[in-house]
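Note sheet for the following structure.
Bear in mind that the values here come from a model prediction, so they are computed numbers and not experimental data. The first residue of the sequence shown is numbered 1, and numbering continues consecutively from there.
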Amino acid sequence: MSKAPRSPMAAPQSFLWSRRIFLTLLTVFVLLPVYVMISSSLKPLQDVSGKFQWIPSGLTIRPYFDIWETVPLADYFVNSLIVAGAATVCSVAIAVFAAYAVSRYNFRGKRVFTVTVLSTQMFPGILFLLPLFLIYVNIGNATGIALFGSRGGLILTYLTFSLPFSIWMLIGYFDSVPKDLDEAAKVDGCGPLGALFRVVVPAAIPGIVAVAVYAFMTAWGEVLFASVMTNDTTRTLAVGLQGYSTQNDVYWNQIMAASLVVSLPVVAGFLLLQRYLVTGLTAGAVK
């Protein structure tokens, strides 16, 4: 039986094989650190401290129990959930109102506002570390409101990073929602807020989910500000992992186990919301 004629639009075999080889190498490059992390988390400490073995000689799940006793990981977990969750809710709530106003209304300074919001993303976060530290300390001295070393201060800090991007992203997404839907809602008796919550927000769920995932991931894994703006009682997971390294020893197996446990909420949330995240990013980028 003769083979079917090859389509002139089909990619050449050399390109197909090159793509397969490249994707295989990329997959190995991505999964290799994950394998090292998982295998190291299942080894006794003496095996991890010595020469690395690709095939472990002995496996144990003891590090996954020890991580909760070596450092107060449960407390750090609660702090991270509260801080990241509150920062996400506040960022999404404020961004929805701000983006809707910019997308649907014309007002003086609209262009300046959007450019200012976007331009804040050009500066590295370390530039804001000292100013925020001084502001929090002065507010605490003047009013008695303890922002430095508190969860509330850390939440406000994370809003300075996630909120500008969230507003800018939702502006693009709201612009892709036809304004005729707003007009139809107003004809049915809805006011501006009614049109927002009954029409625009349901149509913009993918974009809102994408913003929420971005805000949560930003707050969950941030290290620089969390290491300065927190104390022993408000420390988050990203900083708390340093507790597995002491002056006498470094518990490498527990560090790997704790890193896997810490990453589970973000990975699970990303997999569950992947469809909305991809849709929100693409729809917000193309009008």
Measure the spacing between [atom1] of [X] and [atom2] of [Y] and express it to the nearest 0.5 Å.
X: Leu147; Y: Asn138; atom1: CG; atom2: CG; answer: 11.0 Å
X: Leu241; Y: Met256; atom1: CG; atom2: CE; answer: 11.0 Å
X: Ile155; Y: Thr160; atom1: CD1; atom2: OG1; answer: 12.5 Å
X: Asp66; Y: Ile61; atom1: CG; atom2: CD1; answer: 10.5 Å
X: Trp252; Y: Leu45; atom1: CH2; atom2: CG; answer: 10.5 Å
X: Arg198; Y: Leu193; atom1: CZ; atom2: CG; answer: 11.0 Å

In the single-linkage hydrophobic clustering (I, L, V, M, F, W, Y; side-chain heavy atoms under 4.5 Å), do [X] and [Y] co-cluster?
X: Val115; Y: Phe107; value: no
X: Leu170; Y: Val89; value: no
X: Phe148; Y: Leu134; value: yes
X: Val250; Y: Tyr64; value: yes
X: Met229; Y: Val78; value: no

State, to 0.1 Å, how close [X] and [Y] come at their nearest heavy-atom pair, and which atoms those are.
X: Pro63; Y: Ser41; value: CG-O, 3.3 Å
X: Asn231; Y: Gly149; value: ND2-O, 3.1 Å
X: Pro202; Y: Ile205; value: O-CG1, 3.3 Å
X: Ala95; Y: Leu163; value: N-CD1, 3.9 Å
X: Val177; Y: Ala203; value: CG1-CB, 4.3 Å
X: Leu159; Y: Cys90; value: CD2-CB, 3.9 Å

Connecting only ILVMFWY residues whose side-chain heavy atoms lie within less than 4.5 Å of each other, what is the rest of Leu31's hydrophobic cluster? none

side-chain contact (heavy atoms from CB on, under 4.5 Å) evaluation trace for Leu196 with Val96: CA-CA 9 Å; Leu196 171 63; Val96 165; 4.1 Å; yes

Is it the case that more than 12 heavy atoms not belonging to [X] sit under 6.0 Å from its [atom1] atom?
X: Leu26; atom1: CG; answer: yes
X: Met37; atom1: CE; answer: yes
X: Phe65; atom1: CZ; answer: no
X: Leu25; atom1: CG; answer: yes
X: Arg20; atom1: CZ; answer: yes

Does the side chain of [Y] come within less than 4.5 Å of [X]'s, by heavy atoms?
X: Phe225; Y: Leu132; value: yes
X: Ile167; Y: Thr114; value: no
X: Thr234; Y: Leu154; value: no

Is a side-chain donor or acceptor of [X] paired with a backbone partner of [Y] at a separation under 3.5 angstrom?
X: Asn253; Y: Lys43; result: yes
X: Glu222; Y: Ala226; result: yes
X: Ser176; Y: Tyr173; result: yes
X: Ser39; Y: Val36; result: yes
X: Ser91; Y: Thr88; result: no
X: Ser259; Y: Ile255; result: yes
X: Gln242; Y: Ser245; result: no
X: Tyr244; Y: Ile67; result: yes

Phe161 and Phe128 aromatic ring geometry - parallel, tilted or perpendicular at 30°/60° bounds: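 Ring orientation of Phe128 relative to Phe161: perpendicular.
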
Evaluate the ring planes of Phe77 and Trp68, with Trp represented by its six-membered ring, and classify them as parallel (under 30°), tilted (30 to 60°) or perpendicular (over 60°). tilted

Report the C-alpha distance between Trp220 and Thr236 in whole Å, list the side-chain angles of each, state the deciding distance to 0.1 Å, and finish with yes or no for side-chain contact (heavy atoms from CB on, under 4.5 Å). CA-CA 8 Å; Trp220 186 264; Thr236 59; over 6 Å; no

Give the intermediate values and the outcome of side-chain hydrogen bond (donor to acceptor under 3.5 Å, both in side chains) for residues Thr157 and Tyr136. CA-CA 10 Å; Thr157 301; Tyr136 287 175; 3.0 Å; yes

Classify the side-chain pair Arg151/Asn79 by whether it contains a donor and acceptor separated by less than 3.5 Å. yes

Quick one: do the Thr218 and Ser162 side chains pair a donor with an acceptor below 3.5 Å? no

Phe197/Phe97 aromatic ring centres below 6.0 Å: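 Yes - the distance between ring centres of Phe197 and Phe97 falls below the 6.0 Å cut-off.
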
